[in-house]
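Numbers for residues simply follow the sequence, beginning at 1. Worth saying up front: this structure is predicted, and the values here are computed from it rather than measured.
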Amino acid sequence: MKYALLIYTGGGFAALTEAEGKAAHARHDVFGATYGDRLRAGAELRDPDTATSIRHRPEGIVMTDGPFAETTEVLGGFYLIEADDLDQAIEIGREVPALPGDVIEVRPLVRPS
């Protein structure tokens, strides 16, 4: 079954020094090498201020710059993995490199094929 590992961050990555940022990326490289047989996709997302939100309203579609909602946590990236069950997906999710305060949400796909 496929699961999304959603990485929510409080923006701590932007506060890292260049060396700390490189070290964080290196940890993700190690994660990818470790779970490569389970990874189906993954990406780091650009900052939320680069987003465009498309809202479906009764009066029609409304587009706005920025994220869907103002929040202190934003979706910073994701991994799409293959796991035998939720327990295994959670175990893999626990290994996702994260900064203090980050949240990894493990969510099964509706149509995992």
Under a 3.5 Å distance rule, please check whether [X] uses its side chain to pair with a backbone N or O of [Y] as donor and acceptor.
X	Y	value
Asp47	Thr50	no
Tyr3	Leu86	yes
Glu91	Gln88	no
Arg38	Glu82	yes

- prompt: Hey, mind stepping through Thr52 and Thr64 against side-chain contact (heavy atoms from CB on, under 4.5 Å) and telling me if it holds?
  reply: CA-CA 6 Å; Thr52 300; Thr64 57; over 6 Å; no
Co-membership, hydrophobic cluster, residues [X] and [Y], 4.5 Å side-chain:
X	Y	answer
Tyr79	Ile104	yes
Leu109	Leu75	no
Ile7	Phe31	yes
Leu45	Val103	yes

field: Those residues that, when tested against Glu18, pass salt bridge (Lys or Arg N to Asp or Glu O under 4.0 Å) (two or more places apart)
entry: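 Counting only residues at least two positions away or on another chain, Glu18 forms a salt bridge (Lys or Arg N to Asp or Glu O under 4.0 Å) with Lys22.
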task: Verify whether one side chain among His25 and Glu44 offers a donor that lies under 3.5 Å from an acceptor in the other.
output: yes
message: What verdict does the side-chain contact (heavy atoms from CB on, under 4.5 Å) test give for Val106 and Leu6, after you've listed the backbone C-alpha separation in whole Å, the side-chain angles of each residue and the deciding distance to 0.1 Å?
response: CA-CA 6 Å; Val106 178; Leu6 306 172; over 6 Å; no
Identify the heavy atoms of [X] and [Y] that sit nearest to each other, and give their distance.
X	Y	value
Ala24	Leu16	CB-CD1, 4.3 Å
Met1	Pro108	CE-CB, 3.9 Å
Ala89	Leu5	O-CD2, 4.0 Å

message: Counting only heavy atoms not in Arg94 (residues, nucleotides, ligands), do more than 12 fall under 6.0 Å from its CZ?
response: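 For Arg94, atom CZ is not crowded (no more than 12 foreign heavy atoms under 6.0 Å).
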task: Taking the side chain as every heavy atom from C-beta outward, state whether Glu95 and Thr34 have any atom pair closer than 4.5 Å.
output: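 Heavy-atom side-chain distance check fails, nothing below 4.5 Å.
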message: For a 4.5 angstrom cut-off between non-hydrogen side-chain atoms, does Leu39 reach Leu80?
response: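 No - every pair of side-chain heavy atoms lies 4.5 Å or more apart.
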Salt bridge present between Arg107 and Glu105 (N-O < 4.0 angstrom):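 Counted as a salt bridge, because a side-chain N and a carboxylate O are separated by less than 4.0 Å.
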Verdict with reasoning, Tyr35 to Ile81, per side-chain contact (heavy atoms from CB on, under 4.5 Å): CA-CA 9 Å; Tyr35 293 101; Ile81 64 164; over 6 Å; no
